[in-house]
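Everything below concerns the one structure shown next.
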Amino acid sequence: MERYNFSETEKKWQAYWNEHDSFKAENNSKKPKFYALVEFPYPSGHGMHVGHIKAYSGLEVVSRKRRLEGYNVLFPIGFDAYGLPTENTAIKTGVHPRQVTDENIKKFTSQLKRVGFSFDWSRVIDTTDEDYYKWTQWIFLKMFEHGLVFRDKTLVNYCPSCKVVLSNEDSQGGKCDICHSDVVQKTKEVWYLRITEYADKLLEGLDSVNYLPNVRLQQENWIGRSEGAFVNFTVKETNEKLRIYTTRPDTLYGVTFMVIAPEHPMIEAHRAEIANIAELDAYKEECAKKSEFERTQLVKDKTGVRIDGLTAINPVNGKEIPIYISDYVMMGYGTGAIMAVPAHDGRDYDFAKKFGIDIIEVIKGGDISKEAYTGDGEMVNSGVLDGMTNKKDSIAKMIEFLKEKGIGEKGVQYKMKDWAFNRQRYWGEPIPIVHCPVCGDVPVPYDELPLKLPPVQDYKPGEDGESPLARIADFVNCKCPKCGGDAKRETDTMPQWAGSSWYFLRYCDPANNTAIASQESMKYWLPVDWYNGGMEHVTRHMIYSRFWHRFLYDIGEVPTPEPYAKRTAQGLILGSDGYKMSKSRGNVVDPNDVVDEYGADVLRLYVLFMGDYEQAAPWNESSVKGCKRFIDRIWALQDIVTDGDSYSEDLTPIMHRTIKKVSEDIENMRFNTAIAAMMTLLNKIEEKGSITRGEYRDLITILNPFAPHITEEIWQRMGFGGALSDSKWAVYDEALCADKTVEIAVQVNGKIKAKLNIPADAEQDEVLKLAKADSAVAGLIEGKSIVKEIYVKGRLVNIVAK
RNA sequence: GCCGAUGUGGCGGAAUGGCAGACGCGCUUGACUCAAAAUCAAGUACGAAAGUGUGCGGGUUCAAGUCCCGCCAUCGGCACCA
């Protein structure tokens with residue numbers, strides 16, 4: 001047998017699949033459907049990364065198995081091509097982003113094809129395509145129509161380097177997600193999507209889907225629902241209400257001061273009444289200078305200033321308490337004002353200690369002279385609540401009390417904020433809104449979509465934080481669609497998350513030019529049966545797309561409330577040095593290099609064999625060679641193949657066991673142990689020295705999803721008929737999985753003393769007799785009384801002797 | 001700080017409460033070769049042995065990597081969220 005020529009063979013089969021449309025999904029099929037989705041890549045200039053290969057290989061294997069099992073499989077791919085890196089490359093090199101994108105997509109496509117992924121290439125989408133973003137704009141307008149889009153002037157996260165407004169999601173940790181520079185706070189006119197209106201629906205929806213527990217948890221944390229109460233305090237001097245939100249209304253009697261955010265409007269409204277307004281202004285200015293990062297991450301010590309001239313009255317006991325401003329209270333959460341209970345809140349405690357404020361215990365159990373007590377206990381000094389010990393009951397009772405007295409009510413808050421939806425950049429979907437001096441914000445009529453991104457020469461952002469589109473007079477100046485008067489177009493574009501929020505819908509029917517996709521196609525394919533991707537997309541992309549999908553469901557445009565029935569996530573591939581792969585570290589592995597040297601099958605096998613699919617694992621060049629050896633040995637089996645479509649007697653149990661193991665492991669994403677099981681089988685076959693045609697056929701069938709090229713080639717050479725990709729998955733018989741004889745361990749008092757070869761179905765009496773007769777065992781139990789005898793079938797015997 | 005995950009040979013990692021270290025890498029020895037690579041064969045947790053070994057300390061059990069209690073470390077998410 002000649003050596004396996006992987007490069008020739010892989011090209012041959014890739015061409016074959018291409019010509020035969022082997023992986024084309026059928027929209028009108030009687031077969032059961034399976035929709036497998038992987039996160040479509042952002043086509044960056046660096047080309048693909050082995051991490052992409054691992055991310056796609058998981059569902060690639062599942063998809064190939066499903067096809068052999070008789071499913072009509074939709075396994076699509078596309079490109080999430082709008083975004084800053086492309087625009088920045090364009091600015092740096094002077095090449096238009098359209099051209100940069102096209103080149104990058106070409107590069108990615110060729111890389112993906114070289115790996116032999118079974119994507120349906122007839123359904124490729126590109127979010128920057130006019131026929132695609134037309135529908136992104138269409139969905140935006142639908143949201144506008146339904147009141148989910150609004151404009152507001154607020155403090156936003158602004159990246160001075162990228163010159164764009166960032167969402168909270170894009171500026172986690174106070175760093176720009178794209179360029180990693182520090183984000184600053186800036187007042188800006190911002191478009192928002194009212195995602196908070198969907199907070200509860202997004203939470204409830206989690207009950208109906210099968211997400212990895214960790215994924216679900218992160219989404220829940222992100223939405224951050226908390227239940228509590230709103231309480232109205234009164235400001236003595238102005239007789240106005242100061243409204244707060246608290247999750248612990250049961251501690252109201254322990255309130256000894258109040259704190260409001262530096263930006264709280266009460267200060268501006270009562271400048272005249274406040275004696276130390278200059279001091280407050282100075283503090284406010286100091287706070288404004290701090291970035292959100294400094295404000296939340298670096299500040300350990302509490303700072304603040306007492307408002308001189310305003311006093312609050314605790315509505316439950318009439319006590320007068322001071323009001324402070326401090327930056328540990330945020331304007332963006334709750335009401336921007338809190339009641340402070342130093343005895344039972346760590347932050348309030350720190351503040352009270354620093355400013356010498358009273359600390360009143362209302363829950364017994366801690367030592368408030370040392371620290372705040374946040375645990376449970378008996379209520380004291382608390383009027384109607386005194387003597388209660390259950391926190392839940394106390395809270396309920398207090399809420400009831402507040403309601404009765406008309407001073408407060410139950411309330412719910414979310415950490416999730418509305419989605420800042422505009423960017424001052426060129427390479428994004430234009431926001432289809434016209435600003436009319438008469439009519440206000442007017443949507444571009446649906447029949448004028450797509451609102452095309454004008455081809456320009458100069459796509460650098462404006463120094464003033466304006467979009468480059470603002471400089472294009474042709475684009476900006478227009479007529480109001482409503483009144484026909486002179487108007488100006490919105491010049492900001494959508495964020496990168498827009499196009500990826502609905503792409504899975506487009507795959508159902510990618511060429512449709514009258515709808516996002518036909519109802520028929522969506523009814524057939526949705527929901528996505530299995531979605532795999534990175535943990536880093538769990539809180540942003542996943543939340544956004546679930547929001548869009550749920551909205552489309554609510555207005556009757558899609559047939560399912562949830563887009564993804566199941567969600568898993570792969571672990572990172574680390575560099576061989578154990579660090580995250582990055583250009584700057586120089587530890588990035590290019591999949592092309594691996595394909596050149598070892599072949600696509602080896603690359604695919606290795607990324608799945610290297611460890612637990614969901615865990616991170618470092619790249620190891622030597623281990624890649626191990627997979628190469630495996631492939632070559634599978635190839636060499638052609639030399640020892642013998643006639644016979646059935647299994648040989650001695651290999652029957654392990655054949656059935658391996659098929660079972662591989663079948664089950666693929667479903668559980670335990671690809672590493674599936675491959676290990678096939679290696680074990682191979683070892684056994686080599687030890688035996690021969691393999692029947694039937695055994696070989698089934699072995700390459702279960703290996704096919706992992707290593708499709710070599711298995712197709714062997715299939716053809718062996719003359720099994722047709723193409724393996726059109727064949728059937730191997731079946732196993734549970735009854736034939738067990739070996740006839742087994743080796744069991746013999747323990748005395750839990751320690752292994754001997755081994756026995758016995759028939760698998762041997763009875764306990766028989767086995768114990770054999771065990772006691774063993775020379776190593778006999779001596780140990782002689783003269784002792786046997787307390788207990790345990791026999792675990794096929795495993796071990798344990799004799800407990802005293 | 002809160003939430004979650006993880007901790008097993010030289011390395012990546014396997015183990016429905018039932019023989020810890022499957023499988024792969026690496027390494028050692030041998031074969032082939034003038035030699036090397038590749039390939040093939042044997043071995044490979046530690047210990048001379050009795051034995052000892054799954055981050056540490058306890059516990060349950062005939063039997064614990066696995067279950068329970070208490071720690072430690074690493075990673076990830078959230079973070080003055082009231």
Side-chain angles (χ1 to χ4, degrees), chain A residues 3 172-173 213-222 224-226 228 244-249 251 258-259 261 295-297 299-303 326-330 332-341 345-348 350-351 374 413-417 535-536 538-539 571-572 574 576 578 605-606 609-612 614-630 632-633 636 670 672-683 686 743-755 786-801:
Chain A
R3 261 183 89 102
Q172 292 183 47
N214 204 21
V215 171
R216 179 184 179 140
L217 194 78
Q218 279 198 31
Q219 293 215 347
E220 283 171 349
N221 287 344
W222 189 261
R225 183 189 155 100
S226 87
I244 62 98
Y245 174 73
T246 178
T247 54
R248 296 300 302 272
T251 61
M258 297 186 76
V259 185
R295 204 167 146 168
T296 60
Q297 314 278 314
V299 179
K300 299 246 158 65
D301 248 10
K302 295 278 178 290
T303 59
S326 173
D327 61 2
Y328 86 90
V329 173
M330 306 289 154
Y333 185 81
T335 61
I338 63 157
M339 62 179 217
V341 187
D345 180 283
R347 296 152 300 175
D348 297 346
D350 293 345
F351 194 89
T374 53
Q413 284 290 303
Y414 302 93
K415 288 183 193 172
M416 185 168 71
K417 298 187 176 108
M535 281 308 291
E536 71 275 20
V538 157
T539 43
L572 288 176
L574 307 173
S576 51
L605 270 170
Y606 177 63
F609 182 62
M610 61 194 298
D612 183 335
E614 289 173 15
Q615 298 298 129
W619 186 265
N620 183 324
E621 178 86 24
S622 303
S623 293
V624 179
K625 287 181 190 152
C627 291
K628 169 75 176 147
R629 280 181 203 143
F630 173 63
D632 288 341
R633 285 160 60 204
R670 311 205 32 156
N672 53 337
T673 49
I675 295 166
M678 290 185 280
M679 288 173 167
T680 306
L681 172 61
L682 174 61
N683 290 343
E686 288 179 340
E743 186 187 68
I744 66 162
V746 181
Q747 296 181 336
V748 177
N749 294 334
K751 301 229 184 273
I752 292 161
K753 296 296 174 188
K755 306 254 169 144
I786 290 170
V787 183
K788 206 165 186 177
E789 295 169 334
I790 292 115
Y791 173 48
V792 182
K793 217 167 192 173
R795 298 279 186 175
L796 54 67
V797 183
N798 189 9
I799 299 166
V800 186

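Labels below follow one simple rule: chain letters A, B, ... track the order of the sequence lines, proteins then strands, and each chain is numbered from 1. None of these values were measured; they are calculated from a predicted model.
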Review point. When you measure from the side chain of A:Tyr606 to the backbone N and O of A:Asn620, does any donor-acceptor pair fall under 3.5 Å?
Key: yes

Check your understanding: Would you say B:A82 has OP1 or OP2 under 4.0 Å from some side-chain N or O of A:Ser226?
Key -> yes

Review point. Taking the P atom of each, how far is B:C75 from B:C69, in whole Å?
Key: 26 Å

Review point. Looking at B:A63, B:A15, B:C19, which one has an atom nearest to any side-chain atom of A:Asn798?
Key: B:A63

Practice item. Provide the distance between the two P atoms, one in B:U54 and one in B:C46, to the nearest whole Å. Key: 15 Å

Check your understanding: What's the closest nucleotide to the A:Arg629 side chain, out of B:C19, B:G26, B:C62?
Key -> B:G26

Exercise for review: When you get a sec, tell me which of B:G51, B:G12, B:C19 is the closest nucleotide to the side chain of A:Phe609?
Suggested key: B:G12

**Study point:** Along RNA chain B (nearest heavy atom to each residue), the more 5'-positioned of A:Ser622 and A:Val792
**Key:** A:Val792

Check your understanding: Which nucleotide in the set B:G24, B:A14, B:C62 lies at the smallest distance from any side-chain heavy atom of A:Asp612?
Key -> B:A14

Exercise for review: Taking atom P in both B:A14 and B:C23, compute the distance separating them and give it to the nearest angstrom.
Suggested key: 14 Å

Exercise for review: Answer yes or no: does a side-chain N or O of A:Arg795 lie under 4.0 Å from OP1 or OP2 of B:U16?
Suggested key: no

Study note, to complete from the structure: With the side chain defined as heavy atoms from C-beta on, A:Leu217 is closest, among B:C3, B:A82, B:C23, to B:C3

Check your understanding: Out of B:G18, B:C3, B:G77, which nucleotide sits closest to the side chain of A:Gln747?
Key -> B:G18

Revision key, fill the gap. Against the side chain of A:Ala745, the closest entry in B:C19, B:C25, B:C62 is B:C19

Review point. Can you tell me how far P in B:G1 sits from the matching atom in B:A49, rounded to whole Å?
Key: 48 Å

Check your understanding: Is the phosphate of B:A82, meaning OP1 or OP2, less than 4.0 Å from a side-chain N or O of A:Tyr333?
Key -> yes

**Study point:** Spacing of A:Leu574 atom CG relative to B:U74 atom P, expressed in whole Å
**Key:** 17 Å

Practice item. Report the nucleotide, chosen from B:G4, B:C23, B:G18, that has the shortest atom-to-atom distance to any side-chain atom of A:Ala676. Key: B:C23

Check your understanding: Is any side-chain heavy atom of A:Asn749 closer than 4.5 Å to a side-chain heavy atom of A:Lys751?
Key -> no

Review point. Among the nucleotides B:C19, B:G24, B:C3, which one has an atom lying closest to any side-chain atom of A:Arg633?
Key: B:G24

**Study point:** A:Ser623, nearest nucleotide to its side chain (from B:G24, B:C62, B:A38)
**Key:** B:G24

Check your understanding: Charged N to carboxylate O below 4.0 Å: is that the case for A:Glu621 and A:Lys625?
Key -> no

